Amino acid sequence: MKIGLLGGSFDPIHRAHLAFAEACREQAKLDRVWFLPTAHQPFKPGGPFATNADRLAMLKLALADQADSEICTHEIDRGGMSYTIDTLTHLTESNPDTDWYLLMGADSLADFPFWRRPADICRLATPLVVNRAGEPAPNFGHLSEIVSPERLAEIESLEVKMPPLAISSSTIREAIAQGKEWQSQVPDAVAQYIVEHKLYLNA
């Protein structure tokens with residue numbers, strides 16, 4: 001079984017998240033993609049704006065018709081700071097026959113050497129790096145001090161390409177707070193949930 005892990009705040013989940021996951025699933029021939037909502041990210045110490053319950057509810061709505069996707073709540077259930085190495089250690093121990101892939105953009109690849117125990121992360125999972133059209137290409141040299149040349153060549157060969165989608169959770173939150181249009185950037189059911197629960201009005 002080949003499973004891709006897509007971590008993030010998903011605050012809120014939007015159409016670019018879904019396109020990102022689908023591009024990785026198709027091009028890397030993954031069996032499934034697990035969406036992994038974080039509790040608190042080391043690079044975002046302020047924490048998410050919406051509650052864990054609201055973020056999970058929006059994820060469930062967004063993935064309701066995504067047969068090859070599911071939600072992994074391990075980091076939220078564990079609480080505290082969400083470190084990828086801790087999550088991968090747990091998942092590999094509980095799913096020993098699974099090949100794990102860590103889905104990330106070029107921006108995350110640049111930060112990757114500063115993550116906790118990046119070499120161990122690459123031992124437990126294969127980074128699957130997405131090259132978004134119109135953005136700087138991934139610099140795989142960031143991994144040169146972390147993995148062997150052979151492993152680096154393997155990771156580079158798996159590069160995923162996708163068209164540009166200028167959508168981010170932060171700009172959606174800003175648009176909601178400013179009364180601008182944002183509904184087209186998220187699945188319809190998620191937009192309805194945000195409106196009904198009056199989320200991000202003061203984000």
Side-chain angles (χ1 to χ4, degrees), residues 1-11 13 16-44 55 59 63 66 68-78 80-132 135-162 165 168-169:
M1 178 76 75
K2 296 170 62 176
I3 296 179
L5 290 174
L6 179 55
S9 298
F10 304 116
D11 192 24
I13 186 168
H17 287 135
L18 301 177
F20 189 101
E22 183 62 15
C24 290
R25 190 188 66 78
E26 287 187 351
Q27 294 180 42
K29 297 180 171 55
L30 303 177
D31 295 297
R32 304 189 70 77
V33 172
W34 286 11
F35 286 71
L36 183 69
T38 57
H40 291 279
Q41 293 176 275
F43 292 99
K44 296 181 180 179
R55 290 188 297 135
L59 269 170
L63 302 180
Q66 304 282 326
D68 299 311
S69 300
E70 59 187 84
I71 302 167
C72 175
T73 62
H74 173 71
E75 292 189 349
I76 285 180
D77 295 340
R78 186 178 65 213
M81 198 64 71
S82 299
Y83 290 107
T84 301
I85 184 58
D86 297 335
T87 301
L88 278 173
T89 298
H90 167 77
L91 292 177
T92 53
E93 289 175 352
S94 56
N95 303 270
D97 296 325
T98 297
D99 292 328
W100 297 100
Y101 292 79
L102 190 62
L103 281 52
M104 66 174 69
D107 51 346
S108 295
L109 179 64
D111 293 331
F112 187 72
F114 305 102
W115 292 18
R116 176 173 288 187
R117 296 166 55 191
D120 288 330
I121 292 175
C122 291
R123 178 176 55 83
L124 297 176
T126 300
L128 197 58
V129 184
V130 174
N131 182 349
R132 300 182 185 92
E135 297 185 8
N139 180 0
F140 290 93
H142 291 299
L143 301 178
S144 61
E145 301 296 322
I146 299 171
V147 299
S148 68
E150 293 77 16
R151 180 69 162 152
L152 180 58
E154 176 192 5
I155 294 169
E156 193 167 357
S157 72
L158 293 172
E159 178 183 317
V160 173
K161 297 185 183 297
M162 67 174 288
L165 281 173
S168 73
S169 295

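None of the values given here were measured: they were computed from a predicted structure.
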*Tell me, which pairs form a salt bridge (charged side-chain N to carboxylate O under 4.0 Å, His left out) where one or both residues lie in residues 26-40, sequence neighbours left out?*
R32-E70

*Any idea which heavy atoms bring N139 and H142 closest together, and the distance?*
O-CD2, 3.0 Å

*Pairing residues for D97 by the side-chain hydrogen bond (donor to acceptor under 3.5 Å, both in side chains) criterion, not counting sequence neighbours*: none

*For F35, which residues count as a ring pair (Phe, Tyr, Trp, His ring centres under 6.0 Å) partner, sequence neighbours excluded?*
F10

*Student check: side-chain heavy atoms of L63 and L18 closer than 4.5 Å*: yes

*Looking at residues at least two apart in the chain, or sitting in another chain, which of them share a salt bridge (Lys or Arg N to Asp or Glu O under 4.0 Å) with R78?*
none

_Once rounded to the nearest 0.5 Å, what's the spacing between atom NE2 of H90 and atom CG of D77?_
9.0 Å

*Should I71 and P37 count as side-chain neighbours, where that means a heavy-atom distance under 4.5 Å?*
yes

_V130 and L103: CA distance, side-chain angles, deciding distance, side-chain contact (heavy atoms from CB on, under 4.5 Å) verdict_ = CA-CA 8 Å; V130 174; L103 281 52; 5.8 Å; no

*Partners of F112 by ring pair (Phe, Tyr, Trp, His ring centres under 6.0 Å), sequence neighbours excluded?*
W115

*asked:* What's the separation between atom NE2 in H17 and atom OG in S69, rounded to the nearest 0.5 Å?
replied: 13.0 Å

_Partner set under salt bridge (Lys or Arg N to Asp or Glu O under 4.0 Å) for R116, not counting sequence neighbours_ = none

*asked:* If the condition is salt bridge (Lys or Arg N to Asp or Glu O under 4.0 Å), which residues does E156 pass it with, not counting sequence neighbours?
replied: none

*Mind checking whether L5 and L88 have side chains closer than 4.5 Å, heavy atoms only?*
yes

*Considering only heavy atoms from C-beta outward, does the side chain of L30 approach that of L128 to under 4.5 Å?*
yes

*Residue list, salt bridge (Lys or Arg N to Asp or Glu O under 4.0 Å) with E22, at least two apart or on another chain*: R25

*Pairwise side-chain contact, L152 with I146, heavy-atom cut-off 4.5 Å (strictly under)*: no

_Let's go through D120 and R123 carefully: what are the C-alpha distance in whole Å and the side-chain angles of both, what is the deciding distance for side-chain contact (heavy atoms from CB on, under 4.5 Å) to 0.1 Å, and is it a yes or a no?_
CA-CA 5 Å; D120 288 330; R123 178 176 55 83; 3.6 Å; yes

*Just how far is it from atom CG of L91 to atom CG of D86, taken to the nearest 0.5 Å?*
11.0 Å

*asked:* Rounded at 0.5 Å granularity, tell me how far SG in C72 sits from CG in L6.
replied: 12.0 Å

*Kindly write out the residues that satisfy side-chain hydrogen bond (donor to acceptor under 3.5 Å, both in side chains) with S144, not counting sequence neighbours, or none if the list is empty.*
none

*Considering all heavy atoms, the nearest A110-P113 contact*: O-CD, 3.5 Å

*Taking side-chain hydrogen bond (donor to acceptor under 3.5 Å, both in side chains) as the test, write out the residues that go with T126, two or more places apart.*
R151

*From I3 CD1 over to L102 CG, what is the distance, rounded to the nearest 0.5 angstrom?*
13.0 Å

*Is the closest side-chain heavy-atom distance between I76 and R55 below 4.5 Å?*
yes

*Sequence neighbours excluded - side-chain hydrogen bond (donor to acceptor under 3.5 Å, both in side chains) pairs with any residue from residues 100-110*: none

*Minimum heavy-atom separation for A137 to A106, with atom names?*
C-CB, 4.4 Å

*Residues forming a side-chain hydrogen bond (donor to acceptor under 3.5 Å, both in side chains) with K161, sequence neighbours excluded*: E159

*Apply the test side-chain contact (heavy atoms from CB on, under 4.5 Å) to residues Y83 and R117: give CA-CA distance (whole Å), side-chain angles for both, the deciding distance (0.1 Å), then the verdict.*
CA-CA 9 Å; Y83 290 107; R117 296 166 55 191; over 6 Å; no

*Is there a donor-acceptor pair closer than 3.5 Å between any side-chain N or O of T98 and the backbone N or O of M1?*
no

